[in-house]
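Chain naming here is simple, since letters A, B, ... match the order of the sequence lines and numbering starts at 1 in each.
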Amino acid sequence: MPPATGGGLAESELRPRRGRCGPQASRAAGRDVAARAAARNPKGLAWGSRRFETASRWALLALVTLLSFATRFHRLDEPPHICWDETHFGKMGSYYINRTFFFDVHPPLGKMLIGLAGYLSGYDGTFLFQKPGDKYEHHSYMGMRGLCAFLGSWLVPFAYLTVLDLSKSLSAALLTAALLTFDTGCLTLSQYILLDPILMFFIMAAMLSMVKYNSCVDRPFSALWWFWLSLTGVSLAGALGVKFVGLFIILQVGLNTIADLWYLFGDLSLSLVTVGKHVTARVLCLIVLPLALYTATFAVHFMVLSKSGPGDGFFSSAFQARLSGNNLHNASIPEHLAYGSEITVKNLQMAIGYLHSHRHLYPEGIGARQQQVTTYLHKDYNNLWIIKKHNTNSDPLDPSFPVEFVRHGDIIRLEHKETSRNLHSHYHEAPLTRKHYQVTGYGINGTGDSNDFWRIEVVNRKFGNRIKVLRSRIRLIHLVTGCVLGSSGKVLPRWGWEQLEVTCTPYLKETLNSLWNVEDHINPKLPNISLNVLQPSFPEILLESHMVMIWGNNGLKPKDNEFTSKPWHWPINYQGLRFSGVNDTDFRVYLLGNPVVWWLNLLSIVLYLLSGSIIAVAMQRGTRVPAEVAGLSQVLLRGGGQVLLGWMLHYFPFFLMGRVLYFHHYFPAMLFSSMLTGILWDTLLRLCAWGLASWPLARGIHMVGILSLLLGTAYSFYLFHPLAYGMVGPLAQDPQSPMAGLRWLDSWEF
Amino acid sequence: MWGFLKRPVVVTANINLHLVALTGMGLLSRLWQLTYPRAVVFDEVYYGQYISFYMKRIFFLDDSGPPFGHMVLALGGYLGGFDGNFLWNRIGAEYSSNVPVWSLRLLPALAGALSVPMAYQIVLELHFSHCAAVGAALLMLIENALITQSRLMLLEAVLIFFNLLAVLSYLKFFNCQKQSPFSLSWWFWLTLTGVACSCAVGVKYMGVFTYMLMLVVAAVHAWHLIGDQTLSNVRVFCHLLARAVALLVIPAVLYLLFFYIHLTVLFRSGPHDQIMSSAFQASLEGGLARITQGQPLEVAFGSQVTLRSVFGKPVPCWLHSHQNTYPMIYENGRGSSHQQQVTCYPFKDVNNWWIVKDPRRHQLVVSSPPRPVRHGDMVQLVHGMTARSLNTHDVAAPMSPHSQEVSCYIDYNISMPAQNLWRLEIVNRRSDTEVWKTILSEVRFVHVNTSAVLKLSGAHLPDWGFRQLEIVGEKLSRGYHDSTVWNVEEHRYGTSQEQREREWELNSPVQVDASRNLSFMARFSELQWRMLVLRSDDSEHKYSSSPLEWVTLDTNIAYWLHPRTSAQIHLLGNIVIWVSGSLALAIYMLLFLWYLLRRRRNVHDLPQDAWLCWVLAGSLCGGGWAVNYLPFFLMEKTLFLYHYLPALTFQILLLPVVLQHISDHLCRSQLQRSVFSALVVAWYSSACHVSNTLRPLTYGDKSLSPEELKALRWKDSWDILIRKH
């Protein structure tokens with residue numbers, strides 16, 4: 001990593017925020033600093049002491065990094081079995097190695113990195129990752145865990161450098177680094193095959209590079225400036241590419257950039273052309289670059305995963321045609337629908353499946369006692385339907401008839417191939433959605449009544465157009481009642497074989513639930529065309545996979561009667577997550593923040609809000625303060641404000657989310673909260689020392705305060721480290737246990 | 001003192017005839033033929049039932065909003081002498097003669113009518129011209145959707161009234177601030193802001209958005225005040241304190257007051273009792289209170305109790321057991337213990353009775369003196385009718401295989417030992433030796449052998465379990481959840497030693513005595529909590545719409561259709577106003593951005609005070625639109641067009657502001673100005689024309705022919721009802 005200092009600039013007090021003509025300003029600032037340093041060292045040892053200081057800074061950074069790596073890599077191989085979500089992400093890593101297509105609610109970058117790490121470290125992708133607790137045995141898993149621990153270790157130096165840059169105070173940076181190094185939660189989360197260490201790595205990298213380019217502001221368009229700006233963009237792409245939570249850091253960088261541009265725009269000494277250059281540079285590095293990289297990860301994702309796998313069913317028919325091994329791959333079928341064609345009809349809504357019927361009747365008391373019509377997610381003979389004309393029952397496949405294509409607006413009949421019953425609807429209420437009409441199979445050998453007639457319509461087409469396989473979005477409108485064929489997506493009870501309900505909805509709303517497409521198409525009288533022509537373009541695939549991901553995320557709803565983690569639990573460290581083991585004989589790992597660190601963080605947020613608003617009001621009232629206090633208040637308001645914003649952006653949105661939440665979602669916010677703690681206590685202690693300056697021991701207050709905080713955190717880590725490194729033996733109630741007396745809250749389960 | 005004898009008494013009144021005329025026209029448009037149609041129109045069917053409950057003093061719970069709105073409607077019924085006897089079951093049902101339709105619809109109509117002059121006042125207080133102010137009021141006057149919504153027993157008009165009142169009084173207060181702080185009118189308008197805000201919140205939760213906006217605006221102004229260094233510290237503090245009291249304390253107190261009145265007025269038990277806790281139900285007259293009066297308070301060994309699940313989802317139910325056993329083998333092939341079923345049953349039944357037994361003694365009666373059960377005591381729960389005790393063991397539960405099965409232990413099955421000891425945990429205890437109290441104590445039962453917790457899983461058992469709810473032993477109790485918490489509802493001291501006698505005793509009703517009361521705050525917090533968490537099924541509705549369709553008026557709601565003719569009432573806006581409102585908003589944003597950027601580069605297009613007016617008007621009107629509209633994109637409930645009306649009123653206020661700004665600052669010559677005025681007049685007359693054309697659908701007073709109706713269907717998405725003959 002590059003050094004913490006940008007020349008002599010990161011020295012001592014805050015520089016003026018906006019200089020403009022690069023080199024001059026920097027020189028001026030440098031001189032200023034030197035002068036001040038000289039003023040502090042009246043004996044004139046400025047030069048020597050500065051060299052010493054630079055060296056010690058480097059040494060400190062190295063120490064922090066080393067300690068972080070040491071704690072993260074210590075006992076990384078234990079336990080040698082699957083812990084918690086390793087079962088998902090390890091499995092997905094294997095999918096990349098095996099190149100099978102799968103579906104997940106997160107973007108692919110994190111899992112690709114895991115897969116890559118596994119591949120490079122000699123893991124062959126054969127381990128099944130079935131359930132937590134399964135032994136790895138001979139499979140090589142250290143590569144994947146190693147990557148996560150490696151990335152997770154960088155969090156500490158990143159936070160250290162960020163705080164150093166924001167506060168210009170070594171002690172604040174050290175305090176932050178200590179909080180993060182000695183937090184059992186961060187440690188645990190970095191030691192397993194999970195997305196979180198990767199996500200947090202990118203978040204912190206983005207934060208650090210943003211802070212760095214902010215401090216390069218007096219030398220715009222210098223190489224260093226470009227470097228940090230583009231690095232910010234790269235990290236943003238990384239964060240978003242791992243999880244959608246990355247959006248929050250994008251928001252933060254975005255707000256920061258807007259504020260930044262606003263200042264530049266208000267600087268009347270800058271010409272509009274210069275401002276334009278600034279805007280363009282940011283658009284390039286913070287929008288175009290990340291988007292390109294993000295898209296590229298998806299391109300790689302789709303290229304690598306070329307084989308059919310467990311994720312196929314979530315995607316549309318056209319999408320599946322890309323995957324080798326899928327029955328749509330390299331298939332060739334007739335392009336336009338004609339009367340007499342045998343077809344399968346797939347709902348356009350995700351995870352609804354194919355229109356299906358079978359020889360079972362609706363049970364007594366549920367609508368008319370006719371044959372059930374459902375949707376079914378898997379391929380089956382009972383998904384086949386024959387398109388017939390509504391008024392004749394003659395076999396259109398008879399070679400003596402000419403081929404007649406089905407057109408938009410035609411009135412048709414759909415006959416179920418296996419049972420020869422027609423798709424039928426009538427004014428009976430549907431089994432689950434009471435406001436819709438029931439759909440049944442009716443008639444004998446294709447002879448039914450006028451309730452079997454449907455008008456076929458293609459969305460956004462004109463009257464008389466032919467209907468294309470896979471591509472046309474079809475609506476089926478019941479002629480008599482005027483309702484639209486759809487699936488409610490509700491699961492039928494056991495009498496319906498737990499397939500999904502099909503209804504005819506009287507509400508003519510444009511939803512995907514009532515749109516269908518034709519997937520398989522068999523008609524011996526028509527020429528087959530290769531499906532490859534229909535293959536979707538890359539933007540279409542990209543869009544579709546995002547729709548599926550968003551749908552998947554929304555689908556992760558908690559049920560009633562289930563214990564779920566609530567966002568307000570998190571900052572108070574209310575309850576952790578079991579990574580491994582339950583009973584006293586197991587090897588137990590429990591994800592829980594170090595309570596000393598977390599509660600200190602919580603206290604700091606309250607204190608920060610208090611002191612911050614007191615200072616802000618005082619400034620608004622125009623109170624005159626000495627320069628030193630003014631400088632410290634600036635650090636508190638500016639630096640602390642940045643970090644507080646980060647905490648809020650990474651925490652509050654969870655209150656609005658409907659999906660299932662887990663404790664580990666708080667960790668990005670926790671990083672920011674720790675940085676705030678570092679800045680706050682350092683500033684407060686300095687202010688204290690200044691306020692008590694008349695008192696002889698005042699100078700020591702700052703030193704003693706910081707040291708006691710550092711030692712306190714380290715000691716608490718000593719107490720709680722078994723949570724992360726694993727514990728065997730009796731549970732905490734037992735005085736023999738390593739955690740005896742440490743179960744401070746009843747809700748902790750160790 | 002006797003001055004009036006010396007000098008004549010003179011009253012000089014300044015009457016703004018514009019204001020009077022606007023009020024008059026507002027009243028005319030809203031009150032004209034108010035009792036027509038004399039039938040239930042749309043959501044009147046929904047609010048009407050609550051009015052009836054108020055008239056009959058029956059407790060109800062409605063999750064759609066706080067009670068103030070319902071109370072306003074009920075006030076109309078009270079003034080009209082409504083006795084509450086009407087069956088609100090169908091839209092279009094004719095009102096019977098005992099329903100005072102006029103007075104029921106009067107208050108919303110008045111609120112709607114008064115919104116017209118208030119719009120005038122607001123624009124004036126924003127320091128825009130008299131002409132613009134009249135324009136705003138006239139637009140409010142002819143907006144069809146607002147007319148329709150105000151003329152019926154619905155809450156939007158009332159909400160809009162209080163929203164506007166809050167804005168108006170804040171503006172008055174703000175203008176007083178410059179001239180005479182701490183004067184009488186300053187206090188009056190400040191307090192009225194707080195009152196109006198809390199009334200708006202009290203009518204519908206949506207009012208919170210306007211309240212937040214007012215708070216933010218007030219906070220920004222207060223921040224400027226802090227920065228004003230001509231004021232002394234004490235004075236600034238007084239200013240802040242006054243605002244805090246008026247805008248935070250008063251609304252909170254008023255909000256509580258609404259609930260206080262609500263709970264005082266509704267003291268009888270009713271259809272929604274079941275949702276509330278036993279303690280709450282016991283505080284209502286009739287219902288549970290009739291049964292639980294006179295129960296002994298402290299549960300003792302030997303007590304006979306019914307245990308109700310505190311969680312109450314999916315339905316409120318009681319711990320239950322019956323003779324039937326779990327099937328030997330389930331449908332999926334898993335085995336069971338084949339012991340007696342334990343379920344949760346949503347109806348009162350003699351099989352819900354359990355006896356609390358001391359494991360160290362054999363007797364099932366209460367000794368004298370009774371030995372109360374305390375937190376941490378070991379108990380057995382013996383099922384009253386079968387005399388078998390509650391048991392759980394390491395067998396997978398029928399529907400939730402990760403939890404333990406709970407059964408009543410049958411002693412002939414010797415392959416499994418009885419594990420029927422439970423430790424009582426009182427969740428809401430104050431001390432560790434607290435006694436288990438009827439109704440008041442919320443308890444958990446922790447199994448002694450396996451430390452599983454007795455839990456309602458929420459799953460329904462299949463036919464063999466009579467579709468009752470499943471009870472399980474949750475082994476890994478992940479923290480506290482309401483589904484593991486129970487309370488004693490019915491309770492009496494058992495006296496009969498023999499099983500036969502006991503069955504007879506259980507079947508007999510409990511005796512009667514004094515009642516227990518909950519404090520108001522306890523009742524309030526419970527009611528408020530239930531209102532917020534109660535989730536009605538998001539039912540699809542024929543006329544539901546999405547927020548995107550509102551701006552362009554792509555949707556309407558058919559409110560009522562005459563039973564014979566084709567006269568009908570629709571919620572349908574004046575499309576000219578809707579479109580130009582949105583346009584005005586867009587123009588405002590663009591202009592604002594343009595000015596802002598130019599000011600940043602030190603180019604001042606507007607003089608300072610014009611700029612401040614422009615910003616204030618935008619932040620109140622544009623902000624009002626944004627806070628009342630954008631949150632709907634995040635909501636998951638069923639949405640209707642009428643949810644947009646509060647936002648629309650703010651848009652209407654912004655319209656003349658933008659027009660005047662264009663005429664004053666963007667038209668450079670007198671000629672341009674005249675042309676622009678002419679255009680505005682033409683535009684307004686077209687709005688009038690549209691309003692007049694849609695009038696039959698707004699008032700529903702004229703039956704149109706199918707052709708005329710078809711001609712009114714200007715958008716394909718509008719659903720206008722045409723009778724087929």
Side-chain angles (χ1 to χ4, degrees), chain A residues 261-272 275 433-436 486 488 493-494 503 505-511 513 554 557-566 569 574-578 582-583 613 616-623 653 656-658 663 731 733 745-749, chain B residues 222-229 231-233 236 240 309 311-314 331 400 455-460 462-463 469-470 472 474-484 533 535 537 539-546 549 555 596-603 631 634-636 716-717 719:
Chain A
L261 288 175
W262 185 245
Y263 274 106
L264 290 175
F265 193 67
D267 186 347
L268 293 181
S269 58
L270 293 183
S271 71
L272 278 178
V275 175
T433 316
R434 292 295 162 86
K435 287 181 172 176
H436 296 182
S488 64
R494 207 155 292 158
T503 64
T505 147
Y507 311 133
L508 307 176
K509 288 272 153 59
E510 278 287 328
T511 62
N513 286 54
N554 288 339
K557 286 271 159 66
K559 296 186 194 106
D560 279 354
N561 300 46
E562 239 180 36
F563 303 109
T564 47
S565 184
K566 301 272 182 331
H569 291 169
Y574 177 75
Q575 197 172 37
L577 268 173
R578 272 207 192 87
V582 176
N583 298 322
S613 40
V617 168
M619 279 167 62
Q620 178 81 356
R621 290 294 299 160
T623 318
L656 297 176
M657 285 188 198
F663 177 56
L731 300 173
Q733 300 91 306
L745 287 185
D746 279 345
S747 46
W748 296 346
E749 305 140 315
Chain B
W223 186 247
H224 292 318
L225 203 74
I226 293 177
D228 182 354
Q229 281 157 33
L231 295 175
S232 71
N233 283 344
V236 167
L240 295 183
S309 167
F311 191 47
K313 272 179 196 164
E331 287 168 38
S400 328
K455 180 189 169 189
L456 170 67
S457 78
H460 283 269
D463 287 335
L469 295 149
E470 183 198 38
V472 298
E474 174 83 0
K475 217 155 137 194
L476 307 172
S477 154
R478 296 177 44 77
Y480 171 86
H481 191 266
D482 266 350
S483 60
T484 60
V533 297
R535 205 170 296 155
D537 310 333
S539 53
E540 216 177 344
H541 193 281
K542 189 170 178 193
Y543 290 107
S544 65
S545 46
S546 70
E549 294 170 300
T555 169
L596 193 69
L597 289 179
R598 280 171 66 88
R599 282 175 74 83
R600 187 77 194 156
R601 296 302 289 185
N602 226 355
V603 185
L634 296 177
M635 289 189 197
E636 288 178 356
D716 288 341
S717 49
D719 191 1

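Take B/R600 and apply the salt bridge (Lys or Arg N to Asp or Glu O under 4.0 Å) test, not counting sequence neighbours, and it matches no residue. Not counting sequence neighbours, B/T555 has no partner by the side-chain hydrogen bond (donor to acceptor under 3.5 Å, both in side chains) test.
Nearest heavy-atom pair across A/D267 and B/R601 is O-NH1, 3.4 Å.
Heavy atoms closer than 4.5 Å to chain B are found nowhere in A/W748, neither backbone nor side chain. Within the 4.5 angstrom heavy-atom criterion, no atom of B/L240 approaches chain A. Proximity to chain A (any heavy atom under 4.5 Å) is restricted, for B/D228, to the backbone atoms N, CA, C and O.
Between B/E470 and B/S400, some side-chain heavy-atom pair lies under the 4.5 Å cut-off.
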